[in-house]
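Following: one structure in structure tokens, then a few remarks.
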Amino acid sequence: MTAVARFDGGWTPQLDQAYRDVLGAVRDGSLGQDVAHDELALSGRFGLDPVVLHAVLERLSDVGIAVLDDQAAVRFRSLSPAAWVDNGWLLVGLLEGVMRSAVPVLTAADLVEQGRVAEVLRRSAHLRTPELDPAFWASITFWIDRTPNVSLGRLAARAVERARFGVTPSIPFRSTSVDAWAAAAEQAVRYPGVRSAERAAHVLGRLWGEHVDGTAAAFGTAPDDGSPASSSAHSAPSASSAPEDSPSWAVWTPDDLWWDLLAMVRDGTLQRDRTYRAGEIAARLRQSVRRLMPMVRRLELLGLVETRPDDPERIRITRPDLQHWTDSLQLASTLVEACARWSVQTLDDTGRAELHDVIDRLRRQGRIRDYGYTMSVVELSRLLADHTPNPWLAGSLRFALSRLAFVFDEAPPFRRWDIEDVLTQLEDAIDRGDPDRAADAAHALNVHYDAHIVDVVARLSGTES
């Protein structure tokens, strides 16, 4: 779990061991599912500080196998088959962004390590040994361990945990057709570049599709029950997750407390770089600390505050920098591609008309340099999320767009006025229902986003010519 621990600030070896102990008890049945467990009783059972236990339960909640309530109780559960499959496709979508962000920072030592990882994967597949499952996951975490993008890394690491531990018993990876993935991943390290990373991610998508098809017997369902499919995505889930199976950020609805807390951070009532106790903030809002803390966790995911697992009520208001913004844009663009692939296959006439209207508006606004252009780009992304049947992907994109909107006091305007290459390919993808064409459009948009990042960094760092 090194990849996961890396993206959890303050996650100590003590917390990691506690997490393993509680997760093990959930998976071996020692902790019954769908019954309420008192947190204080659990802390005594495992000999843990209640603060440590709660941090562990928060992480299990992120994974989707624990549900916390307002009465200091927790219920454990497994993901439904549909939720497990939906999360797997979220992981595949995130991996492309992870790989794109990692290839520029790879070293000679990484090339050697990737060769070792690929060889173990090939050998275990050819020999049909039990090491195939851990070897496959090692080939995934190799990339997560190396991405400099904390947002992408954290979401991808959580998706790995769900895929491995979200259902009981686990679904081992058994597909032996790994040669293309091993070779593509090696090529992405040996010849680092955006295109090699994208190719490798698409190869992984096809391999994951085979794995999903192979889970039908384990779940007792047919993998192609009306599911959208493509040559590159191979297959998609048999059904979308039910709302209760969806991640909290996908179904969460903001309320007055959220807007009040966000306003306190955004308007400077809670000062940047200053640390507050949760009780102090809760008193200002006339709420309980327990009611406040889920909102604080959401602020943390947006990059606006920092807490530590060993002292979660110590809240530091951050001052997000250009790297936070860059990470957020890379996360959003990664999920735009995944949602574009999914949505174009399932659009009805109304959905196609909505997307064409935004595309027409973007053309018009781009020609006249209308500063509503930036909001239209965002609206295009939101529409792709709205028409994506996978709630894990759609909810993650909405979250990424919120992070992008709030990371700076004023979001940098998008000045890439001519994106006709994107719009033409996307129109074609919409009309034909072609996910590969949608991916091409997203790749073209990523080129514009890369240039946008260079432009914004130059502007905000004072180096613009």
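Counting non-hydrogen atoms of other residues, nucleotides and ligands closer than 6.0 Å to CZ of Arg174 gives a total of 12 or fewer. Shown here is Asp418, whose CG atom has no more than 12 heavy atoms of other residues, nucleotides or ligands within 6.0 Å.
For the atom pair CZ of Arg363 and OG of Ser376, the computed distance is 13.0 Å after rounding to the nearest 0.5 Å. Here the CH2-CH2 distance, from Trp208 to Trp181, works out to 12.0 Å after rounding to the nearest 0.5 Å. Here the CZ-CG distance, from Arg77 to Asp34, works out to 9.0 Å after rounding to the nearest 0.5 Å. The line from CD of Glu113 to CG of Leu106 is 12.0 Å long, rounded to the nearest 0.5 Å. Taken to the nearest 0.5 Å, the CG atom of Asp133 stands 5.5 Å off from the CZ atom of Arg164. Separating the CH2 atom in Trp137 from the OG atom in Ser139 is a distance of 8.5 Å, to the nearest 0.5 Å.
The two residues Thr307 and Ile315 have their closest heavy-atom pair at CG2-CG1, 4.0 Å. Residue Ala394 comes nearest to Ala385 through the heavy atom pair CB-O, 3.3 Å, listed as atom of the first residue, atom of the second, then distance. Heavy atoms only, all atoms of each residue included: Val167 and Leu79 are closest at CG1-O, 3.4 Å. Smallest separation of non-hydrogen atoms from Ala400 and Leu335: CB-CD1, 4.1 Å. Taking both residues in full, the closest heavy atoms of Leu60 and Val22 are given as CD1-CG1, 3.7 Å, listed atom of the first, atom of the second, then distance.
A donor and an acceptor atom, one from each side chain of Ser196 and Gln187, are nowhere located under 3.5 Å apart. Side-chain contact, Thr318 with Glu306: no donor N or O sits under 3.5 Å from an acceptor N or O. A side-chain donor-acceptor contact under 3.5 Å links Glu96 and His202. Donor-acceptor pairing under 3.5 Å is lacking for the side chains of Glu186 and Tyr191. With no hydrogens or angles considered, a side-chain donor-acceptor pair links His356 and Asp431 at under 3.5 Å. In summary, the side chains of Ser151 and Arg403 do present a donor paired with an acceptor at a separation below 3.5 Å, with no hydrogens or angles considered.
By the ring pair (Phe, Tyr, Trp, His ring centres under 6.0 Å) test, His324 is found to be paired with no residue, residues two or more places apart in sequence or in another chain being considered. Remark: Val447 engages Arg195 in a side-chain contact (heavy atoms from CB on, under 4.5 Å) (not counting sequence neighbours).
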Take Ser101 and Thr147, measure what side-chain hydrogen bond (donor to acceptor under 3.5 Å, both in side chains) needs, and give me the verdict at the end.
CA-CA 6 Å; Ser101 65; Thr147 177; 2.6 Å; yes
Dump the intermediate steps for side-chain contact (heavy atoms from CB on, under 4.5 Å) on Arg158 and Arg59, then the final yes or no.
CA-CA 9 Å; Arg158 287 287 190 269; Arg59 182 160 148 188; 3.8 Å; yes
Show, in sequence, the C-alpha distance, side-chain angles and deciding distance for Arg206 and Ser177, and conclude whether the side-chain hydrogen bond (donor to acceptor under 3.5 Å, both in side chains) test is met.
CA-CA 10 Å; Arg206 291 191 291 272; Ser177 304; over 6 Å; no
Could you check Arg20 against Asp16 for salt bridge (charged side-chain N to carboxylate O under 4.0 Å, His left out), going step by step and ending with a plain yes or no?
CA-CA 6 Å; Arg20 292 170 185 267; Asp16 202 45; 3.4 Å; yes
Tell me, with the steps shown, if Arg382 and Asp386 meet salt bridge (charged side-chain N to carboxylate O under 4.0 Å, His left out).
CA-CA 6 Å; Arg382 289 193 186 280; Asp386 289 345; over 6 Å; no
Evaluate side-chain contact (heavy atoms from CB on, under 4.5 Å) for Gln330 paired with Arg100, printing each intermediate quantity in order.
CA-CA 9 Å; Gln330 289 177 343; Arg100 287 181 90 253; 5.8 Å; no
Could you walk me through whether Asp110 and Gln114 pass the side-chain hydrogen bond (donor to acceptor under 3.5 Å, both in side chains) test, one step at a time?
CA-CA 6 Å; Asp110 292 327; Gln114 172 58 35; over 6 Å; no
Run the side-chain contact (heavy atoms from CB on, under 4.5 Å) test on Arg415 and Thr374 for me, step by step, so that the C-alpha distance in whole Å, both residues' side-chain angles and the decisive distance to 0.1 Å come before the verdict.
CA-CA 8 Å; Arg415 291 181 175 177; Thr374 299; over 6 Å; no
Are His443 and Gln425 close enough, and set up right, to give a side-chain hydrogen bond (donor to acceptor under 3.5 Å, both in side chains), and what steps lead you there?
CA-CA 10 Å; His443 293 166; Gln425 293 182 89; over 6 Å; no
Start with the C-alpha distance between Val98 and Asn149, add both sets of side-chain angles, then the distance that settles side-chain contact (heavy atoms from CB on, under 4.5 Å), and finish with yes or no.
CA-CA 7 Å; Val98 166; Asn149 187 315; over 6 Å; no
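Contact of the Leu207 side chain with the Ser175 side chain is registered, since non-hydrogen atoms from C-beta on lie closer than 4.5 Å. Using a 4.5 Å heavy-atom threshold, the side chains of Arg27 and Ser170 count as touching. Within the 4.5 Å cutoff, the side chain of Leu426 has heavy atoms near those of the Leu380 side chain. Inter-residue side-chain proximity for His126 and Thr176 is flagged as unmet; no heavy-atom pair is nearer than 4.5 Å. The shortest distance between side-chain heavy atoms of Leu445 and Val377 does not fall below 4.5 Å. Proximity of Asp436 to Arg341: side-chain heavy atoms (C-beta onward) are separated by under 4.5 Å at one or more points. The shortest distance between side-chain heavy atoms of Leu204 and Trp143 does not fall below 4.5 Å. Side-chain contact between Leu152 and Leu94 is present, with heavy atoms from C-beta onward closer than 4.5 Å.
In this structure, Trp89 and Trp342 have perpendicular ring planes: the angle between them is above 60°, well past the 30° mark. The aromatic rings of Phe414 and Tyr373 lie parallel to each other, their planes meeting at an angle below 30°, with 60° marking the opposite boundary.
Checked by atom type and distance alone, the side chain of Arg416 never pairs as donor or acceptor with a backbone atom of Ala451 at under 3.5 Å. Side chain of Gln33 to backbone of Ser78: a donor-acceptor contact under 3.5 angstrom is found. No donor-acceptor pair under 3.5 Å is formed between the side chain of Ser61 and the backbone N or O of Leu57. With Thr141 contributing its side chain and Ile144 its backbone, the two residues share no donor-acceptor pair below 3.5 Å. Between the side chain of Ser381 and the backbone N or O of Val336, no donor-acceptor pair lies under 3.5 Å. A distance-only check finds a donor-acceptor pair linking the side chain of Trp84 to the backbone of Ala163 [under 3.5 Å]. Judged purely by atom type and a 3.5 angstrom limit, Asn390 uses its side chain to pair as donor or acceptor with the backbone of Asp86. Under the 3.5 Å distance criterion, the side-chain polar atoms of Arg162 are matched with a main-chain donor or acceptor of Asp62.
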